[in-house]
Asker: 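Below are the C-alpha cells for one structure; questions will follow.
As the structure is a computational prediction, the values presented were derived from the model and not from experiment. In the text below, chain A, chain B and the rest are named by the order of the sequence lines, each starting its count at 1.
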Protein chains: 2
Amino acid sequence: MPRAGLDAGTITRAAAEVVDEVGYAGLTMGLVADRLGVRAPSLYKHVTGQADLGRRIAVLAVTEIGDALRDALQGRSGRQALEAAASTTRRYARDFPGRFAATLYVTAADPQDPLHLAWLRVVESHSAILRGYGIDEEDTRHALLLLRAFLDGFSLVEPAGDMHTEDEIDLGLRWSITFIDRGLRELSDVPSSP
Amino acid sequence: MPRAGLDAGTITRAAAEVVDEVGYAGLTMGLVADRLGVRAPSLYKHVTGQADLGRRIAVLAVTEIGDALRDALQGRSGRQALEAAASTTRRYARDFPGRFAATLYVTAADPQDPLHLAWLRVVESHSAILRGYGIDEEDTRHALLLLRAFLDGFSLVEPAGDMHTEDEIDLGLRWSITFIDRGLRELSDVPSSP
DNA sequence: ACCTCCTGGCTAAGAATGTTACCTTCGGGC
DNA sequence: GCCCGAAGGTAACATTCTTAGCCAGGAGGT
C-alpha cells in the first residue's frame with residue numbers, strides 16, 4: 001500500500017474541515033484520520049496530539065483571516081476599509097465556524113508562538129485601517145484594542161443567533177461602523193469633512 | 001452512609017468552581033464528583049450529562065453577570081455607567097475565567113432556553129446604560145449590539161495576554177469608553193454638554 | 001413502631017477516544 | 001541489490017462518559 005504523503009499541513013487542513021462541520025468541541029483524531037484515509041495513530045507521526053492539532057488549526061485560521069483582511073483592504077480606506085474588515089471577519093466566522101472558534105479558544109503562550117505571529121499580521125491590517133484616519137500614535141494604539149474587541153466581539157455574537165435575526169445584525173453592524181467611523185474622524189488631526 | 005444532599009444547583013456550582021480552576025475544556029464529571037465527595041455516576045441522577053452540565057454553568061455565569069451588572073449600575077448613568085459595566089464584565093471574566101468561557105461557548109437553542117432568559121437580563125442592563133443617553137429607540141437597538149460586542153469582545157481579548165500588558169488593556173479600555181461615551185452623547189437628542 | 005416505596009447514591013460494566021509501543025514496509029542512498 | 005530511516009499499521013492501555021442494576025435511607029401512612 002502506497003504512502004499517504006501526510007504532513008502537518010495536510011493534517012491541519014483536514015482537521016480544519018472537520019471542526020467546521022462538527023464544531024470545535026467535536027474534533028476527534030478519528031474523524032481527521034478518516035478524512036485522510038488513514039488510521040488515527042498515524043497522525044502522531046506529524047502532530048504531537050490533539051492539543052497540538054487544535055493550536056495548528058488556530059494558527060491556520062488566524063493566518064487565513066489575516067490574508068483575507070489584507071486582500072479586502074487593498075485600495076480601501078476610512079469607512080470603506082472598516083466595512084470591508086467587518087464583513088470579511090464576519091463572513092469568515094460564518095463560513096468557517098469551527099476554525100473561527102479555534103481563534104477564540106486557543107491563546108498564544110510565548111511571543112515566539114506562531115499563533116502570536118499570525119495575530120500580528122491581523123493587527124497590522126487593523127493598523128492599516130486606522131492609518132487612514134490620521135490619528136496620532138497613542139490614540140491608534142488604543143483604537144486597535146477597540147477595533148479588535150469590536151470585530152471579534154461582533155462575529156462572536158453572531159452564533160448566539162437566538163437573540164437577533166440575521167438582518168438585525170446586518171443593520172447593527174452597519175450602524176456600528178458608522179458610529180466608529182464618525183468617532184475616528186473626529187479624533188483625526190485633519191478632519192476629512194470639517 | 002448519609003445522603004449527600006445533591007441537587008442540580010449544588011452540582012452546577014461545584015462544576016463552576018472546577019472550570020474556573022482547570023479551564024472549560026478540562027471539565028470532567030470525575031473532578032466535579034470528587035469536589036462533592038461523591039462518585040461520578042451519582043451526578044447523572046440530577047443532570048443528564050456533561051453537555052447539560054456545561055449549559056447549566058453557562059446559565060449560572062450569565063445570571064451572575066446579570067446580577068453583577070444590575071448592582072454595579074445602581075445610581076450610575078452615562079459614562080460612569082459605561083465604566084461600571086465594562087469593569088464589572090471584565091472583572092468577572094478575570095475572576096471566573098472558566099464560567100466566562102462557558103458564556104462564550106454555549107449558545108441558546110430556543111427562546112424558552114433558560115440561557116436566553118439569562119441573557120435578556122444582561123441586555124436589560126445594557127439597555128439601562130443607553131437609556132441615560134436619551135437616544136431614540138432604533139439607535140438604542142443598534143447600539144445594544146455594539147455594546148455587547150464591545151464588552152464581550154474586550155473581556156475576550158484579555159486572556160490573549162501575549163499581545164498586550166495588563167496596563168495597556170486598562171488604558172485601552174478607558175480610552176474606548178471615552179470614545180463610545182462621546183459618540184453616544186452626540187447621538188443624543190438633547191446633548192448633555194451642548 | 002413498623003411497613004412501604006421512592007429517591008439518591010453506589011458498584012460494575014460497556015463504549016468511545018486519546019495515546020503509546022512496537023511492528024512492518026516503503027523508498028531513497030550507497 | 002542492500003540498508004536504514006521514516007511513514008503508516010496493529011495492538012493494547014488509560015481515561016472518561018454513560019448506562020444498568022443494586023441497595024440503603026428516610027418520609028409518610030397505618
Side-chain angles (χ1 to χ4, degrees), chain A residues 1-61 98-99 101-102 105-107 109 115, chain B residues 1-61 98-99 101-102 105-107 109 115:
Chain A
M1 33 201 85
R3 298 278 168 105
L6 296 183
D7 63 12
T10 54
I11 292 176
T12 303
R13 282 189 290 278
E17 292 176 17
V18 168
V19 295
D20 285 335
E21 290 170 10
V22 304
Y24 187 74
L27 176 66
T28 73
M29 302 302 268
L31 285 176
V32 178
D34 284 352
R35 181 171 294 258
L36 292 164
V38 139
R39 301 312 183 98
S42 305
L43 303 179
Y44 290 81
K45 285 285 154 73
H46 306 281
V47 298
T48 72
Q50 203 178 29
D52 179 37
L53 191 49
R55 298 188 70 75
R56 287 173 187 275
I57 295 173
V59 174
L60 172 68
R99 282 172 234 215
Y105 301 174
V106 181
T107 68
L115 183 56
Chain B
M1 33 199 88
R3 299 281 169 104
L6 296 184
D7 64 12
T10 54
I11 291 176
T12 303
R13 281 187 290 277
E17 292 175 16
V18 168
V19 294
D20 285 335
E21 289 169 12
V22 302
Y24 187 75
L27 177 66
T28 73
M29 302 302 269
L31 285 176
V32 178
D34 284 351
R35 180 171 295 258
L36 293 165
V38 140
R39 300 311 183 100
S42 305
L43 303 178
Y44 290 81
K45 286 283 153 76
H46 304 282
V47 298
T48 72
Q50 203 178 29
D52 179 36
L53 191 49
R55 300 188 69 74
R56 287 175 188 273
I57 294 173
V59 174
L60 172 67
R99 282 171 234 216
Y105 300 175
V106 181
T107 68
L115 184 56

Asker: Rounded to the nearest angstrom, tell me the gap between atom CZ in B:Arg39 and atom P in D:dC17.
Answerer: 15 Å
Asker: Under a 4.5 Å cut-off applied to non-hydrogen side-chain atoms, are B:Tyr24 and B:Val106 in contact?
Answerer: yes
Asker: Heavy atoms only, 4.0 Å cut-off, all strands: where does A:Leu27 land among base, sugar-phosphate and nothing?
Answerer: sugar-phosphate
Asker: Closest approach to the side chain of B:Pro41, judged atom by atom: which nucleotide of C:dC22, D:dT18, C:dT19 is it?
Answerer: D:dT18
Asker: Quick one: are A:Arg39 and A:Met29 in side-chain contact, heavy atoms under 4.5 Å?
Answerer: no
Asker: Taking only the side-chain heavy atoms of B:Tyr44 (C-beta and beyond), determine which of C:dT19, C:dG9, D:dT18 contains the nearest atom.
Answerer: D:dT18
Asker: Quick one: A:Leu43 CG to D:dG8 P, roughly how many Å, whole number?
Answerer: 9 Å
Asker: Quick check: do B:Arg99 and B:Glu17 have side-chain heavy atoms less than 4.5 Å from each other?
Answerer: yes
Asker: Can you measure B:Asp34 atom CG to D:dT16 atom C1' for me and round it to whole angstrom units?
Answerer: 13 Å
Asker: Picking from D:dT10, C:dT19, D:dG8, which would you name as closest to the side chain of A:Lys45?
Answerer: D:dG8
Asker: From CG of A:Asp52 over to C1' of C:dG18, roughly how many Å is that when rounded to an integer?
Answerer: 14 Å
Asker: Quick one: A:Met29 CE to D:dG8 P, roughly how many Å, whole number?
Answerer: 14 Å
Asker: Establish, with yes or no, whether the OP1 or OP2 oxygen of C:dG9 is under 4.0 angstrom from a side-chain nitrogen or oxygen of B:His46.
Answerer: yes
Asker: Atom CG of B:Leu6 and atom P of D:dA24: how far apart are they, to the nearest Å?
Answerer: 19 Å
Asker: Send over the distance from B:Leu36 CG to C:dC10 P, rounded to a whole Å.
Answerer: 10 Å
Asker: Below 4.0 angstrom from OP1 or OP2 of C:dC10, is there any side-chain N or O of B:Ser42?
Answerer: yes
Asker: Looking at B:Leu43, B:Thr12, B:Val47, which one forms a side-chain contact (heavy atoms from CB on, under 4.5 Å) with B:Asp52?
Answerer: B:Val47
